[in-house]
Amino acid sequence: MDIEARIRRRRQRGTDQTLVLDYDLLNPAVHVPEPVGRGPVVERLLDHLNPVFDGSLPPDGYVWGPPGSGKSAVVSAVFSHLETPAMQPRTAIQTTTRAQSVELPRSVYVNGREVDSEFQLYRQILSDMTGGDGPSRGVSTDTVTARLQSLLSDRPGAVIAVDHADALEQSPTDIHAALATLDDAIAIVFIGQTPPSDVDGAPDLAEIEIPGYGQQVLIDVLMTRGSSGLADDVLTYDQARQIASRAGGNAHDALAALFGATVLAEDNGRETLRSADIEAGIEAVPKGGTSLGTVLALAPNRRRVLRAFLELDDTYLSSVSETTEAIADSTRVDLSTGTIRRFLYELADADIFHRVTAERTSGSGRPPSRLEPRFPTIAFRKLYDLGAD
DNA sequence: ACCTGGTCCCGGGCTCGGTTTT
DNA sequence: AAAACCGAGCCCGGGACCAGGT
């Protein structure tokens, strides 16, 4: 384990907490370098990327599958390995029959959830290729694409993974149009949940479909992550099976449930997981809900609103207006009621809340609705509190 | 008719990066 | 070299307007 990870553990671990060793290993939004049980999928992705190892670019591709099937896990793992220095010597060795050493295409991984404008998409690619520095704003979108263009003009190009493509405003076709000037210099691998036939531009791409996890593999995922992230023997096989059986092949939901269960046990000062913890952990992850990654990628003020929401007493949850007022009173947020209200409606629109229309008993006007969270609540609360804001 | 909840949109002002002026 | 200026994207505030009820 690297030193950074050791320091992180120490900062996260309370003085007397012996249950959880490393929250990152339980966090479904954090991907591990070696995903469990996805070997065949990794192979198919490597097959697709094969031209990269000869210094040329593969065709554009579309990786798709249901939520929590390991798409991000596999793609981010493979792409991070492409960038390691170990990849480079091989080209030097193979140069005997070639004129000169072959420079491999760069690989770039962009998370569509963290990108909500065209500007940010290109900026993200640019800053990835230049090692972190790039304008955050203050320049035009055209300037950013122009810089990308000049950066790629004298290189073997780049292969770009655009993860969570469903979250982007632009379809693959739009992105191609916008990047048309550097069409020969880049290959894009889109990743999404929507079947290719329903995505504009996707049917023309090489397709890699990822199925959901099987029950047994999901148990393996839980046991592997649990054994490294938790103290010894905390998670039993039966408990892992209990979680897996309710997760419907969704590794995100399963890990979020385990995360929630351990937080509950820890908060109560226990050193083992009880059946009730497991059950409550599962309950705190809505079926077919929104992923932790999406919620954590929200702008800071929206996360604050969500955090404030999670500590409201039930009496303030009967209507959006009541909830708005209560959040406005919270010390966590410093926003006008109008803005909080707008945020809440926007979050409901983004499926982060579900709006339930109340069966009004009296009064006039349109009946109010109350908000129910559609994201893993316990896990979000803990991760928010661990973060610095 | 009237009321309250919900949707939509846009202008102001902020921050950041680049450019021109001092 | 420093300072002043400018223009870009983005967040917040808020208002106009629509929807759904008595």
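Reminder, nothing fancy here: chain letters follow the sequence lines and each chain counts from 1. Worth knowing before you read on, the calculation uses all heavy atoms, side chains too, and leaves out hydrogens, waters and symmetry mates. For clarity, every value in this text was computed on a predicted model and none was experimentally measured.
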When you measure from the side chain of [X], which nucleotide among [options] comes out closest?
| X | options | result |
| --- | --- | --- |
| A:Ser364 | C:dT22, B:dG17, C:dG14 | C:dT22 |
| A:Arg366 | B:dG17, B:dT4, C:dG15 | B:dT4 |
| A:Pro367 | C:dG21, C:dA19, C:dG15 | C:dG21 |
| A:Ser117 | B:dG6, C:dC10, C:dG14 | C:dC10 |

Roughly, in whole Å, what's the span from [atom1] in [X] to [atom2] in [N]?
| X | N | atom1 | atom2 | value |
| --- | --- | --- | --- | --- |
| A:Glu118 | C:dG9 | CD | C1' | 12 Å |
| A:Leu344 | C:dG13 | CG | P | 13 Å |
| A:Leu335 | C:dG14 | CG | C1' | 13 Å |
| A:Ile340 | C:dC11 | CD1 | C1' | 14 Å |
| A:Phe119 | C:dC10 | CZ | C1' | 10 Å |
| A:Arg370 | B:dG6 | CZ | P | 12 Å |
| A:Glu169 | C:dG9 | CD | C1' | 15 Å |
| A:Leu126 | C:dA8 | CG | C1' | 16 Å |

Inset, instruction - With salt bridge (Lys or Arg N to Asp or Glu O under 4.0 Å) as the test, would you mind laying out the steps for A:Glu372 and A:Arg374 before giving the verdict? - result: CA-CA 6 Å; A:Glu372 288 177 357; A:Arg374 293 275 296 151; over 6 Å; no
Inset, instruction - Could you tell me which residues satisfy side chain to side chain contact (heavy atoms under 4.5 Å, CB included) with A:Pro195, sequence neighbours excluded, listed by chain and number? - result: A:Trp64, A:Ser197, A:Asp198
Determine whether [X] and [Y] make a side-chain contact, defined as any pair of heavy atoms from C-beta on separated by less than 4.5 Å.
| X | Y | result |
| --- | --- | --- |
| A:Glu34 | A:His81 | yes |
| A:Phe53 | A:Leu82 | yes |
| A:His164 | A:Glu114 | no |

Decide whether [X] and [Y] meet the rule of one side-chain donor and one side-chain acceptor closer than 3.5 Å.
| X | Y | answer |
| --- | --- | --- |
| A:Glu322 | A:Ser319 | no |
| A:Asp313 | A:Thr315 | yes |
| A:Arg113 | A:Ser291 | yes |

DNA chain C-proximal residues of [range], any heavy atom under 4.0 Å:
| range | answer |
| --- | --- |
| residues 137-152 of chain A | A:Arg137, A:Gly138, A:Val139, A:Ser140, A:Thr141 |
| residues 312-325 of chain A | none |
| residues 346-355 of chain A | none |

Legend entry - Sequence neighbours excluded - side chain to side chain donor-acceptor pair (under 3.5 Å) pairs with any residue from residues 339-350 of chain A: A:Arg302-A:Glu346, A:Ser336-A:Thr339, A:Arg342-A:Glu346
Search all heavy atoms of [X] against all heavy atoms of [Y] and return the closest pair with its distance.
| X | Y | value |
| --- | --- | --- |
| A:Ala244 | A:Leu222 | N-CD1, 4.1 Å |
| A:Leu335 | A:Phe343 | CD1-CE2, 3.7 Å |
| A:Pro35 | A:Ala73 | CG-O, 3.7 Å |

Inset, instruction - Can you establish whether the number of heavy atoms outside A:Arg274 located under 6.0 Å from its atom CZ is more than 12? - result: no
Where do N or O atoms of nucleotides 4-6 of chain C meet protein N or O atoms at under 3.5 Å, pair by pair?
none

Inset, instruction - Would you indicate, yes or no, if B:dG17 has its OP1 or OP2 atom less than 4.0 angstrom from a side-chain nitrogen or oxygen of A:Ser136? - result: yes
Legend entry - Side-chain N or O of A:Thr339 closer than 4.0 Å to phosphate OP1/OP2 of C:dG13: yes
Legend entry - A:Asp163 and A:Lys71 ion-paired at < 4.0 Å: no
